[in-house]
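All ligand and atom numbering here is 1-based and tracks the order in the structure.
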Amino acid sequence: MSFTGVKIVGVGHYAPARVVTNHDLEQWLDTSDEWITTRTGMKRRHWASNDEATSDLAAAAASAALVHAGLQAQQIDCFIVATVTPDYYFPATACLVASRLGAVDKPAFDVAIACSGFIYGLTVAAGLVRSGVYRRIMLIGAETLSKILDKDDRSTAILFGDGAGAVILERSDEDSFLAADLGADGSRPELLFAQGSGARRPLDHAALDEKVHLIHMQGPETFKLAVNRMIESTEAVLEQAKLAKSEITFLIPHQANKRIIDAAARYLGMPNGKVVINIAEYGNTSAASIPMALSEVVRAGLVKSGDVLVFVAFGGGLSWGAVAWRWHQ
Ligand code: ACO
């Protein structure tokens with residue numbers, strides 16, 4: 001098995017048409033635009049319609065990435081979808097997306113690690129390309145978190161949105177992958193979880209009445225852990241890559257809360273212009289947030305060859321991670 005380099009040759013993103021503003025939420029929740037804006041940085045989020053599922057969003061983002069790269073779906077060797085809101089328990093959402101795009105008989109699988117999904121997926125996908133297993137991989141972070149939100153719980157209903165971001169990784173002489181730092185701690189799942197109809201608590205009428213299928217989060221505790229883990233993971237990945245903080249062109253963090261991002265960025269000494277934040281428009285889209293933000297800055301022409309990008313996330317699991325990536329056109 002020969003080791004090569006990997007680079008991203010196409011990006012795309014998609015958000016459902018329906019926009020829910022803070023003022024919309026005020027209509028049925030005891031909340032305010034002022035509270036949501038100051039506590040989270042969020043102004044709007046996009047929620048899927050009743051007949052839109054995660055694979056629909058994922059396919060739209062992936063199609064945009066294919067056009068951006070000038071490729072056909074059949075030229076992709078493997079499809080990975082990072083999501084915790086799959087269309088079904090099984091089959092994997094990635095199988096549905098690959099077929100929808102017209103890719104025949106290609107391998108496809110999901111990565112289910114909540115907000116860290118894109119970081120884990122990127123590490124796996126880059127490894128598969130660099131080790132020579134596949135030439136091109138489509139990696140998509142896609143979520144319809146609105147489908148598992150308790151719309152009457154003001155502490156979570158305001159936070160989450162739907163969307164998808166896609167990247168196409170391709171074998172290359174130049175190597176974009178610099179380092180990865182991944183971690184997980186499953187000892188306190190109740191800090192942030194949706195039990196769904198999982199084997200621990202199969203769905204019955206009582207479970208439905210208790211809303212176990214919806215997101216439950218202990219916000220303040222999660223907040224503190226998120227700040228600390230995102231700082232530690234960024235520092236760890238920089239150390240592995242032998243990079244100084246000043247060498248980062250863009251820090252692209254998971255968009256969970258603007259105060260989490262600001263606190264981490266302040267500690268890391270990152271000036272405002274180097275931290276990519278689009279939380280006002282999309283809210284927290286879990287595994288989709290980083291590839292959506294990446295797609296936006298790349299398509300805006302802000303990322304140049306040689307730039308160093310650091311992706312960092314924290315979320316359910318608990319899980320966290322960072323990837324350092326040198327951009328090659
Ligand atoms: N509107 C008005 N008041 C509210 C709202 C709301 N939407 N939500 C909560 N409050 C109230 C609370 O009831 C509380 O009132 P009390 O003092 O009378 O009891 C008060 O505001 C303060 O509540 P806190 O929960 O302490 O507020 P905090 O400043 O911590 O913000 C938040 C809450 C936004 C949830 C924050 O804790 C947070 O962002 N946590 C981390 C989220 C995160 O990072 N998740 C991980 C990634 S997500 C994933 O993996 C799927």
Side-chain angles (χ1 to χ4, degrees), residues 20-45 54 82-86 111-121 141-163 182-186 188-196 213-233 253-265 277 279-280 282-290 292-293 311-322:
V20 178
T21 67
N22 293 347
H23 293 296
D24 292 332
L25 294 169
E26 286 173 352
Q27 303 308 309
W28 76 87
L29 285 171
D30 179 13
T31 190
S32 66
D33 173 49
E34 198 271 332
W35 193 97
I36 300 171
T37 306
T38 52
R39 298 295 184 108
T40 71
M42 297 168 189
K43 297 297 278 184
R44 296 144 58 96
R45 66 286 296 142
T54 298
T83 187
V84 284
T85 45
V111 173
I113 187 92
C115 302
S116 309
F118 181 75
I119 301 288
Y120 273 67
E143 303 281 12
T144 47
L145 291 156
S146 67
K147 309 272 181 172
I148 58 165
L149 269 186
D150 180 351
K151 304 272 180 13
D152 296 323
D153 173 10
R154 67 178 182 175
S155 66
T156 51
I158 60 151
L159 293 175
F160 295 98
D162 304 337
L182 304 179
D185 174 5
R188 300 170 77 195
E190 70 286 353
L191 284 179
L192 174 52
F193 72 167
Q195 298 182 66
H213 55 301
L214 303 177
I215 294 178
H216 294 266
M217 179 171 71
Q218 296 177 27
E221 179 78 8
T222 313
F223 188 102
K224 279 181 246 151
L225 290 167
V227 174
N228 293 337
R229 290 295 191 190
M230 283 170 69
I231 291 169
E232 286 166 12
S233 212
H254 168 50
Q255 313 280 312
N257 184 321
K258 185 164 184 299
R259 287 189 298 135
I260 293 176
I261 298 172
D262 287 345
I277 304 180
I279 196 166
Y282 301 113
N284 179 347
T285 57
S286 188
S289 81
I290 293 175
M292 288 175 80
F311 311 112
V312 60
F314 176 86
L318 302 170
S319 65
W320 57 90

**Prompt:** Is the closest N or O pair between T31 and ligand 1 shorter than 3.5 Å?
**Reply:** yes
**Request:** State whether the shortest distance between N or O atoms of R259 and N or O atoms of ligand 1 falls below 3.5 angstrom.
**Result:** yes
Tell me the contacting part of [X] for ligand 1: side chain, backbone, both, or neither, using a 4.0 Å heavy-atom threshold, strictly below.
{"X": "P220", "value": "both"}
{"X": "T40", "value": "side chain"}
{"X": "L145", "value": "neither"}
{"X": "N284", "value": "side chain"}
{"X": "I260", "value": "side chain"}
{"X": "F223", "value": "both"}

If we count only N and O atoms by modelled type, under 3.5 Å, do the side chains of [X] and [Y] hold a donor and an acceptor together?
{"X": "T40", "Y": "K258", "result": "no"}
{"X": "T85", "Y": "E143", "result": "yes"}
{"X": "D162", "Y": "S146", "result": "yes"}
{"X": "S289", "Y": "Q255", "result": "no"}
{"X": "N284", "Y": "H254", "result": "yes"}

**Prompt:** Is D33 salt-bridged to K43, cutoff N-O under 4.0 Å?
**Reply:** yes
Where ligand 1 meets [X] - atom numbers and elements under 4.0 angstrom, heavy-atom basis:
{"X": "M217", "value": "35 (C), 42 (C), 45 (N)"}
{"X": "T222", "value": "43 (C), 45 (N), 46 (C)"}
{"X": "C115", "value": "47 (C), 48 (S), 49 (C), 50 (O), 51 (C)"}
{"X": "F314", "value": "47 (C)"}
{"X": "N257", "value": "34 (C), 36 (C), 38 (C), 39 (O)"}

**Asked** Is the backbone N or O of L29 less than 3.5 Å from a side-chain atom of R154, with the two atoms forming a donor-acceptor pair by type?
**Response** no
**Message:** Quick check: closest heavy atoms across D153 and S155, and the distance to 0.1 Å?
**Reply:** OD1-OG, 2.8 Å
**Fill in**
Check: of S289, G219, G316, min heavy-atom distance to atom 37 (O) of ligand 1 comes from G219
**Message:** Judged on heavy-atom distance to atom 27 (O) of ligand 1, which of M42, K258, E143, R39 sits nearest?
**Reply:** R39
**Request:** Name the closest protein heavy atom to atom 11 (C) of ligand 1, giving the residue it belongs to and the distance to 0.1 Å.
**Result:** R154 NH2, 3.5 Å
**Item:** Shortest protein contact, atom 21 (O) of ligand 1 (heavy atom only)
**Value:** W35 CZ2, 3.4 Å
Measuring only between side-chain heavy atoms, which start at C-beta, is [X] closer than 4.5 Å to [Y]?
{"X": "R45", "Y": "Y282", "answer": "no"}
{"X": "F160", "Y": "I215", "answer": "yes"}
{"X": "L225", "Y": "L318", "answer": "yes"}

**Asked** Can you say whether the rings of F118 and F311 are parallel (under 30°), tilted (30 to 60°) or perpendicular (over 60°)?
**Response** perpendicular
Is [atom] near the protein, in the sense that some protein heavy atom lies at less than 4.0 Å from it?
{"atom": "atom 1 (N) of ligand 1", "value": "yes"}
{"atom": "atom 18 (O) of ligand 1", "value": "no"}
{"atom": "atom 14 (C) of ligand 1", "value": "no"}

